[in-house]
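We count ligands from 1, going down the list as the structure has it; atoms in each ligand are counted the same way. Remember, it's a predicted structure, so these values are computed and weren't measured experimentally. Atom set for the values below is all heavy atoms of this structure, side chains included, hydrogens, waters and symmetry mates excluded.
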Amino acid sequence: MRSLRKTVLLAVLVSVVLVLALLHSWPTRAYNTVDVWQRLGPTVERHLEERLPEPDHQLSSVPFHIRKSVAGLLARNGCICEGESPGVNLPFAQLLFPRVSAHSLHTAFDASELEEMKMRRAKEYRGFQQRSKTAADTLIIAEANNPLQYPTQGVEVRPMKTIIIPGLALHDLPRDHYTINITATLGRLNVAAEVEEVKIKGDGGMHMSLSSSLLLNLNRQLQFVTYTNTLFHPNTADTVELKTEGHQAAFTIKIRHGVTPKLYDTGPKQEYNVSALVTIATKTFLRYEKLQNLIDSIRKYYPTVMIVIADDSENPKTISGPYIEQYIMPFGKGWFAGRNLAVSQVTTKYVLWVDDDFFFTADTKLEKLVDVLERTTLDLVGGAVREATGYTATYRQTISIEPGEEDGDCLHMRRGFHHVIEGFPNCVVTDGVINFFLARTDKVQQVGFDPRLARVAHLEFFIDGLGSLHVGSCDDVIINHATKIKLPWVTQSESDKTYAKFRYPPASSDATRTKNGLLYFKNRFQCLTRN
Ligand SMILES: *[C@@H]1O[C@H](CO)[C@@H](O)[C@H](O)[C@H]1NC(C)=O
Ligand SMILES: *[C@@H]1O[C@H](CO)[C@@H](O)[C@H](O)[C@H]1NC(C)=O
């Protein structure tokens with residue numbers, strides 16, 4: 001009787017805690033879904049131009065009130081990483097109410113080497129900024145009441161080629177004579193046609209002057225102004241200046257090659273042929289029984305899909321069979337080195353990453369993941385992993401980077417996602433997912449897995465990919481995970497023990513130091529927060 005009451009009490013307690021956890025994680029979002037579908041035709045996306053007021057003496061005397069709720073959203077001068085103070089100390093508290101913790105990354109280095117490290121990082125960062133910034137990044141404002149009309153954005157020329165500069169015009173000004181001067185620095189100006197009653201000076205040079213007493217004729221002439229890039233320096237921009245008496249304006253012309261695509265031929269079939277579209281990549285280390293289970297399970301559903309295995313075991317065993325490629329690596333080369341090698345050998349449009357201790361079931365429908373990538377602009381989509389206990393996880397993470405000053409930026413990682421994907425109710429957009437994902441091969445190869453991350457590493461790939469990888473996650477494509485929970489009546493095999501020693505080193509170890517050191521130097525972070 002007593003034990004029954006105890007059970008009931010326990011059940012009530014558990015339900016209360018679950019309801020609280022549900023409320024706690026309930027999303028409060030303005031948008032429920034996001035439309036990331038691939039569409040034909042030109043992209044409608046337009047960059048929102050930031051318009052800042054010019055400093056003005058008259059304006060600065062007008063008082064104002066700060067709206068804290070909005071001003072707080074603007075980037076601060078320098079960032080900080082703050083953790084949450086520990087709440088009630090219940091068992092499973094971290095699982096149910098994930099608390100944000102903060103970590104400083106400079107601890108990866110001794111105090112003696114830190115200063116030196118900071119200076120070297122700053123030097124590398126300056127170089128990086130120089131490589132990645134162009135004149136097109138500078139803010140240019142079209143001033144109010146300027147009679148000059150010109151393009152503010154979106155003018156582009158291929159290196160050493162010619163375009164007509166669109167949108168040039170002069171608006172009504174009561175004058176006897178109109179002059180417009182145009183100046184460029186990386187190319188020459190000219191006219192593709194001449195208009196009567198317009199005087200052209202300096203055509204074919206970097207400074208051209210057009211004048212007329214007839215505004216209509218001058219405006220007609222402005223429609224034929226051409227720009228020819230003459231200095232070969234792709235991925236830069238020319239700032240073009242436009243002047244008339246009392247007014248001036250400037251705009252940029254981007255100089256760049258078109259992006260060369262990398263396309264994969266997926267055959268004539270209408271329905272998805274997984275063998276033609278997907279290669280399964282995995283990395284193994286000592287766990288051959290698990291790997292064999294994975295291969296057997298794949299073959300049950302996808303008998304002809306290619307499997308690429310990177311293997312850095314000490315005494316590698318040959319895995320043979322049709323549609324299998326095994327790449328032997330030096331002993332203990334590591335987790336990310338193996339992922340890199342495996343992914344580098346993929347020749348299909350998509351690569352599916354799986355861990356070697358996963359196995360396929362009837363719920364592992366790769367066609368669904370292919371469908372998401374075929375019909376949206378996403379680059380990578382994760383699935384769900386089901387544990388032996390029946391619990392499934394998608395391990396969705398959002399990642400954001402807050403700009404900091406000389407100490408570096410702040411990295412923030414949180415469990416969760418941004419929006420549900422329109423038309424795919426089981427899928428969301430997020431920044432990081434679990435070790436089971438389908439991705440565009442060329443995008444994964446571009447981001448790469450840093451081979452310096454030898455042991456525990458996963459989200460580091462998504463941190464490196466932030467800004468170039470567009471990530472989604474679907475919970476209706478499920479792979480199973482061979483049990484990790486140690487049951488007392490099952491003795492751990494010798495290879496499992498050695499594996500555990502390599503894969504799960506203690507937190508204070510060199511592996512953690514390497515990881516923090518890379519976040520600190522390579523990614524230029526000062527600290528990170530996560531829950
Ligand atoms: C335009 O350029 C000519 C020289 O080519 C110069 O004499 C004239 O002052 C300039 N006009 C304006 C408005 O800048
Ligand atoms: C699917 O693709 C594979 C590999 O390209 C090919 O051998 C096979 O014939 C294709 N199957 C169908 C049904 O088209």
Atom 5 (O) of ligand 1 touched by protein (heavy atom, under 4.0 Å): yes
Short check: is a protein heavy atom less than 4.0 Å from atom 9 (O) of ligand 2? no
F461 and F437 aromatic ring geometry - parallel, tilted or perpendicular at 30°/60° bounds: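 Taking F461 first and then F437, their aromatic rings lie parallel (interplane angle under 30°).
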Evaluate the ring planes of F462 and H458, with Trp represented by its six-membered ring, and classify them as parallel (under 30°), tilted (30 to 60°) or perpendicular (over 60°). perpendicular
Looking at T244, which atoms of ligand 1 are within less than 4.0 Å of one of its heavy atoms? 13 (C)
Could you list the atoms of ligand 1 found under 4.0 angstrom from a heavy atom of K243?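 Those qualifying, in numeric order: 14 (O).
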At what distance is the nearest protein heavy atom to atom 13 (C) of ligand 2, and which residue and atom is it?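 Among all protein heavy atoms, the one nearest atom 13 (C) of ligand 2 is K269 CE, 4.1 Å.
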Of all protein heavy atoms, the one nearest atom 1 (C) of ligand 1 is N181 ND2, 1.4 Å
Please confirm whether K201 comes under 4.0 Å of ligand 1, counting heavy atoms of the residue only. no
With the threshold set at 4.0 Å, does a side-chain nitrogen-carboxylate oxygen contact exist between E374 and K349?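 Looking at E374 and K349, the cut-off is met.
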Taking 4.0 angstrom as the limit, do D311 and K317 come out as a salt bridge? no
Ligand 2 to A276, heavy atom cutoff 4.0 Å, flagged ligand atoms 2 (O), 5 (O)
Does Y323 have more than 12 heavy atoms from other residues, nucleotides or ligands lying within 6.0 Å of its OH? no
Does atom NZ (K443) have a neighbourhood of more than 12 heavy atoms from anything else shown, all under 6.0 Å?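 Enclosed.
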Flag N273 as yes when one of its N or O atoms lies below 3.5 Å from any N or O atom of ligand 2, and as no otherwise. yes
Would you say ligand 1 has an N or O under 3.5 Å from any N or O of E245?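 For ligand 1, there is no N or O atom that lies under 3.5 Å from one belonging to E245.
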Decide whether T162 and T226 meet the rule of one side-chain donor and one side-chain acceptor closer than 3.5 Å. no
